[in-house]
Amino acid sequence: MTQEFLGNSQFNISNQTVSARCPSNIALIKYWGKYENQIPANPSISYTLTHCKTNTTVHFLADEAFSVQTFLSGNEEKKFANKIEKYFQNIAPYLPWILKGRYVIETENTFPHSSGIASSASGFGALAKCLMSLDQIFSVENPPASIITQKASFLARLGSGSACRSLYEGLVVWGKTEEVEGSSNLFAVPYNNDAVHPIFRNFNDWVLLIHEGAKSVSSTVGHGLMNNNPYAKRRFREAHENFATLKTILSTGDMEGFIKLVEHEALTLHALMMMSEPPFILMQTATLQVINKIWEFRRIKGLALFFTLDAGANVHVLFPNDIDNKKITDFIQTELLPLTQNGAVVKDVIRF
Ligand code: PMV
């Protein structure tokens with residue numbers, strides 16, 4: 001139990017409707033492997049996206065028997081409701097009123113549901129924000145504003161680890177590292193964005209949708225397989241080392257170093273999957289084709305076009321937004337989009 005976020009036992013509940021929206025995020029240094037209670041095995045850092053968001057409305061019906069009903073884009077999702085019920089039971093020490101009512105939760109993503117883009121980060125981020133809104137209404141004594149976002153991040157983490165980073169804009173760090181003051185395993189903190197070179201503060205992330213539908217191995221199972229992965233220890237150490245390297249890259253504007261590190265992190269994540277027992281592969285043929293084409297383009301044109309991957313087949317194509325990038329966008333259009341499912345791409349941007 002984390003003492004600092006325990007809820008106030010004095011509260012007054014009433015029927016309420018609250019709404020919140022929260023963006024998704026894409027990790028540059030990846031979180032892969034965890035300990036009990038969603039404690040990350042290594043620190044991670046991500047860009048918070050702009051357009052890929054979840055909008056959530058929570059109807060709380062006070063003094064009715066505890067139950068949860070969830071609707072995704074208007075369609076009832078019973079499996080999701082069971083997951084949320086368990087989640088609410090789990091976080092009850094931090095929100096003591098939470099089991100004292102009935103919930104109807106309506107949620108929708110601004111990106112296609114079947115796209116394979118992880119909706120758990122934006123989903124749990126938006127839900128945690130709604131819960132903190134209710135907490136502010138119900139609690140007799142409210143914590144200071146700075147603590148409210150921190151607690152929302154803490155609660156989001158207990159739903160889905162990477163969700164805790166979606167509560168802040170720009171570059172966001174989760175997991176204790178001596179490179180970032182105030183960093184914590186319990187919640188995310190914003191990176192000191194003033195220390196980031198302007199070249200990294202206006203970036204495109206075009207998500208090429210390679211494979212629609214569910215993944216063959218969930219990230220929960222994937223994290224679990226790190227427990228017996230013989231390379232895990234070395235990997236966790238490397239993530240710490242990469243933080244130190246990235247810090248210098250971010251302050252000096254070293255684009256070459258950035259590309260090298262970000263692509264290395266993405267490939268490491270997938271290499272760890274392949275080295276798990278049992279092994280698994282989430283990349284598809286087209287994932288590798290896109291990567292090879294990006295490398296070839298970079299070799300010939302020398303332009304800053306690169307990629308990262310999350311736990312799936314889709315490719316996040318990254319390139320700075322503040323240069324004339326017509327050559328890059330033309331290349332993506334003609335060479336990369338034909339490798340996606342029906343030309344599907346979600347064009348997002350990071351600006352801070
Ligand atoms: O938050 P989870 O449990 O879905 O794990 C996400 C893990 C990665 O997306 C692969 C990496 C990360 O840091 O976001």
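Just so it is clear, the structure is predicted and the values come from calculations on it, not from any experiment. Indexing begins at 1, ligand by ligand and atom by atom, following the structure's order.
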Subject >> Ring centre gap for F60 and Y103 strictly below 6.0 Å >> reply: yes
Quick look: A27 vs ligand 1, heavy-atom contacts under 4.0 Å, and the answer is side chain
message = Would you say R165 and S44 are linked by a side-chain donor-acceptor pair, where the criterion is simply a distance under 3.5 Å?
response = yes
Q) Would you say R165 contacts ligand 1, with heavy atoms under 4.0 Å as the rule? A) yes
The answer for which part of N25 has a heavy atom under 4.0 Å from ligand 1 is neither
Under 4.0 Å from one or more heavy atoms of S162, ligand 1 contributes atoms 1 (O), 2 (P), 6 (C), 14 (O)
Quick note on ligand 1: atoms under 4.0 Å from a heavy atom of S219 include exactly 2 (P), 3 (O), 4 (O)
Q. Any luck finding a side-chain donor-acceptor pair between E277 and N229 under 3.5 Å?
A. no
Can you confirm, on distance only, whether ligand 1 has an N/O atom lying under 3.5 Å from any N/O atom belonging to K30?
no
Discussion item. Would you say CZ of F280 has more than 12 non-hydrogen atoms from neighbouring residues, nucleotides or ligands within 6.0 angstrom?
Written reply: yes
query = Should D310 be counted as touching ligand 1, given the test is an N or O pair under 3.5 Å?
reply = no
With a 4.5 Å limit on heavy-atom distance, are the side chains of I26 and D310 in contact? yes
A311 heavy atoms within 4.0 Å reach ligand 1 at atoms 10 (C)
Thinking salt bridges, do R235 and E265 make one under a 4.0 Å N-O criterion?
yes
Exercise. Inspect the contact between E108 and K53 and indicate whether a charged nitrogen and a carboxylate oxygen are less than 4.0 angstrom apart.
Key: no
A student comparing L28, L269, N42, L272 should find that the heavy atom closest to atom 10 (C) of ligand 1 comes from L269
- Task: Please say whether K34 places an N or O atom under 3.5 Å from an N or O atom belonging to ligand 1.
- Result: no
Problem - Heteroatom distance test (H223, ligand 1): nitrogen or oxygen, under 3.5 angstrom - result: yes
The ring-ring contact (aromatic ring centres under 6.0 Å, His included) partner of F306 among F319, F297, F258 is F258
